[in-house]
**Student:** 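Before anything else, here's the structure in question.
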Amino acid sequence: MTEKALPPEDELVERLKNNDVVLFERVVKEYHSAMFGVAYSIAGPAIADEVVQEAWVSAINAIHKFEGRSALKSWLIRITANEAKTRLRKESRSVSLEAVDENWATDTRFTEKGHWAGGNPEWDISSPDDLLAADELQDCVKKHMVKLPDNQQQIINLRDVGGLDMDTICNILEITASNARVLLHRARDKMQQVVARFQRTGEC
Amino acid sequence: MLSCKHTIAQGTDYLDKELSFWRKVEMKMHLMICVNCRRYVKQLKQTVVMLSKGQFKQPSEQQVEQLKKEYQEVSSKQ
């Protein structure tokens with residue numbers, strides 16, 4: 001989180017078009033993390049930094065043409081995703097949707113009849129701000145985000161970290177809306193479980 | 001009645017308002033009587049908000065300086 005919120009969108013874009021380098025630095029620090037998540041999930045760890053750097057350079061060169069039809073952040077995320085796609089990693093750890101169905105049968109959280117096996121306890125740390133302030137928990141989240149299968153990692157980064165809408169995401173990833181929804185839920189569900197386990201056991 | 005397992009599988013569609021009318025009714029009825037699933041839906045939402053605000057990777061000083069330089073060069077030509 002940054003100390004100070006960025007100015008409203010209109011003002012932000014106007015000032016960026018007019019050589020406000022102090023504001024530019026704040027924008028870089030605010031949005032870099034989300035762009036990195038997207039680059040990492042699509043292009044892989046080895047070139048993620050490079051992809052983000054190239055995305056920023058493309059954005060710098062195009063900012064005077066930016067018309068504000070989407071939020072600045074969405075625009076930056078789209079540029080990053082497109083940059084990353086041109087350098088898509090070759091080896092893929094994607095898990096097919098069929099494999100996801102197999103997990104359904106072996107989910108130990110539930111009894112055979114589909115009831116919670118051991119209940120679902122309330123979280124001690126529960127507000128998003130408190131969750132973000134817990135450093136060990138954040139390290140744990142980060143560690144497990146990159147362990148998600150590629151397609152789940154891509155979608156949760158584009159949607160929840162990057163804030164894009166589902167139509168845009170389906171276009172970028174060239175998947176159907178229903179597959180996208182299944183993948184997004186599997187990814188979110190996994191991250192909920194990571195946070196839940198950390199809160200219950202203190203372990204990552 | 002929906003099982004807990006089926007209920008939480010619809011958690012994302014519920015939060016993103018993608019459920020059809022009857023599915024939503026069915027889910028709300030389950031949530032009314034099931035504290036575990038109610039907690040799950042709340043926790044799923046907290047997880048999403050946390051991810052949207054999280055800062056997982058800060059740029060290095062060197063990256064920032066390089067980009068500032070690039071920005072100033074391009075801006076001065078506009």
Side-chain angles (χ1 to χ4, degrees), chain A residues 1-2 16-21 24-25 28-30 32-34 36-37 40 48-49 52-53 56-57 60-61 63-64 104 107 109-111 113-116 119-123 126-129 131-132 138 141-142 145 156-157 159-161 163 166 181 184-185 188-189 191-192 194-196, chain B residues 1-20 23 27 30-31 33-78:
Chain A
M1 279 178 292
T2 41
L16 284 179
K17 286 180 181 179
N18 287 294
N19 200 10
D20 187 337
V21 73
F24 174 75
E25 181 172 348
V28 169
K29 289 181 173 165
E30 179 76 19
H32 189 87
S33 178
F36 184 83
Y40 187 107
D49 260 321
V52 176
Q53 203 75 2
W56 276 117
V57 172
I60 288 168
N61 281 286
I63 185 71
H64 66 282
W104 176 263
D107 191 335
R109 287 175 294 173
F110 299 98
T111 63
K113 288 190 170 164
H115 299 305
W116 287 92
N120 180 34
E122 196 85 66
W123 286 354
S126 63
S127 82
D129 285 343
L131 289 167
L132 288 166
Q138 288 305 301
V141 166
K142 191 164 125 185
M145 279 284 273
I156 201 169
N157 271 292
R159 174 73 177 155
D160 292 338
V161 181
M166 284 302 252
R181 303 216 64 82
L184 178 63
H185 182 69
R188 284 180 176 176
D189 181 47
M191 298 323 292
Q192 186 276 344
V194 166
V195 178
Chain B
M1 178 59 88
L2 276 181
S3 72
C4 297
K5 199 173 176 181
H6 279 101
T7 300
I8 74 144
Q10 297 188 151
T12 285
D13 287 345
Y14 180 76
L15 289 182
D16 294 357
K17 301 189 166 41
E18 291 285 338
L19 288 179
S20 67
R23 289 213 160 212
M27 178 130 175
H30 183 105
L31 292 179
I33 56 160
C34 180
V35 65
N36 288 321
C37 286
R38 234 173 14 244
R39 281 183 192 143
Y40 176 88
V41 169
K42 192 170 92 186
Q43 290 161 354
L44 196 66
K45 190 170 179 187
Q46 285 159 343
T47 305
V48 171
V49 177
M50 176 193 80
L51 289 173
S52 73
K53 292 188 181 171
Q55 288 289 349
F56 299 104
K57 166 88 179 176
Q58 279 301 311
S60 69
E61 276 307 307
Q62 196 197 350
Q63 278 176 310
V64 175
E65 286 312 312
Q66 208 183 325
L67 288 173
K68 275 163 75 180
K69 211 172 129 216
E70 181 82 25
Y71 174 75
Q72 281 176 309
E73 269 172 31
V74 174
S75 290
S76 63
K77 281 187 221 141
Q78 298 297 324

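First the proteins, then the strands, lettered A, B, ... as listed; each starts at 1.
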**Student:** Hey, is the main chain of A:Pro121 close enough, under 3.5 Å, to the side chain of B:Gln43 for a donor-acceptor pair?
**Tutor:** yes
**Student:** Is the shortest side-chain heavy-atom distance between A:His32 and B:Gln58 below 4.5 Å?
**Tutor:** no
**Student:** Keeping B:Gln46 on the side-chain end and A:Pro128 on the backbone end, is there a donor-acceptor pair under 3.5 Å?
**Tutor:** no
**Student:** Can you tell if the side chain of A:Arg188 reaches within under 4.5 Å of the side chain of B:Thr47, non-hydrogen atoms only?
**Tutor:**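 Contact flag for A:Arg188/B:Thr47 side chains = no.
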**Student:** Quick check against the 3.5 Å criterion: does B:Tyr71 have a side-chain atom that pairs as donor or acceptor with the backbone of A:Trp56?
**Tutor:** no
**Student:** Pick one of side chain, backbone, both or neither for A:Asn157, based on which atoms fall under 4.5 Å of a heavy atom in chain B.
**Tutor:** neither
**Student:** Select one option (side chain, backbone, both, neither) describing which atoms of A:Val161 are under 4.5 Å from chain B's heavy atoms.
**Tutor:** both
**Student:** Show, in sequence, the C-alpha distance, side-chain angles and deciding distance for A:Val141 and B:Leu51, and conclude whether the side-chain contact (heavy atoms from CB on, under 4.5 Å) test is met.
**Tutor:** CA-CA 9 Å; A:Val141 166; B:Leu51 289 173; 4.0 Å; yes
**Student:** Under 4.5 Å between any side-chain heavy atoms of B:Lys5 and A:Lys113, yes or no?
**Tutor:** no
**Student:** Is there a side-chain contact between B:Asp16 and A:Arg159, using heavy atoms and a 4.5 Å cut-off?
**Tutor:**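 Yes, side chains in contact.
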**Student:** Strictly distance-based, threshold 3.5 Å: is any side-chain N or O of A:His185 a donor or acceptor partner for the main-chain N or O of B:Ile8?
**Tutor:**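 Such a contact is found between A:His185 side chain and B:Ile8 backbone.
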**Student:** For each of A:Leu16, A:Val21, A:Leu184, tally heavy-atom pairs with chain B at distances under 4.5 Å, and name the one with the top tally.
**Tutor:** A:Val21
**Student:** Determine, for B:Asp13 against A:Arg181, whether the closest basic-nitrogen to carboxylate-oxygen distance falls under 4.0 angstrom.
**Tutor:** yes
**Student:** Quick check on A:Met145 against chain B: is it the side chain, the backbone, both or neither that has a heavy atom closer than 4.5 Å?
**Tutor:** side chain
**Student:** Taking it one step at a time, do A:Trp116 and B:Cys37 satisfy side-chain contact (heavy atoms from CB on, under 4.5 Å)?
**Tutor:** CA-CA 9 Å; A:Trp116 287 92; B:Cys37 286; 3.2 Å; yes
**Student:** Please lay out, stage by stage, how A:Val28 and B:Lys68 fare under the test side-chain contact (heavy atoms from CB on, under 4.5 Å).
**Tutor:** CA-CA 9 Å; A:Val28 169; B:Lys68 275 163 75 180; over 6 Å; no
**Student:** Under 6.0 Å from the ring centre and within 45 degrees of the ring axis: does the NZ or CZ of A:Lys142 meet both conditions for the six-membered ring of B:Phe56?
**Tutor:** no
**Student:** Hey, are A:Asp160 and B:Lys53 close enough for a salt bridge, meaning a charged N less than 4.0 Å from a carboxylate O?
**Tutor:**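 No, this pair does not count.
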